[in-house]
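See structure below.
These numbers were taken from a predicted model, which means no experiment stands behind them.
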Amino acid sequence: MVISLGGTVALTPERVPHLFEPQSGLICGLGYNGRGVAMSLVMGREMGLRAG
C-alpha cells in the first residue's frame, strides 16, 4: 500500500505564526504555516506566559 501525503498549505502573508488577542483575556495562536507541531509548542509556552 502506498500512502501519498501532500496538498495545499495555507500561509500567512508574513509566513510566521500570529498571537492574536481579540478581546481582553482571550488569546489565540494562529497561522502555523505547515510547521504546526514545533511552532505550537513555542506558541503554547508564550500564551502560558501571557496568561500568567
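Within the model, atoms CG of L41 and CD of E46 stand 13.5 Å from one another, a figure rounded to the nearest 0.5 Å. If you take CD1 on I27 and CD on E21, they are separated by 5.5 Å, rounding to the nearest 0.5 Å. Rounded to the nearest 0.5 Å, atoms CZ (R45) and OG (S40) are 11.5 Å apart.
Under the 4.5 Å side-chain heavy-atom criterion for Ile, Leu, Val, Met, Phe, Trp and Tyr, Y32 and L19 are members of the same hydrophobic cluster.
In this structure, H18 and M43 approach most closely via the heavy-atom pair O-CE, 3.5 Å. The nearest pair of heavy atoms linking M39 to P17 is CE-CG, 3.4 Å.
The side-chain hydrogen bond (donor to acceptor under 3.5 Å, both in side chains) check on Q23 picks up nothing, with sequence neighbours excluded.
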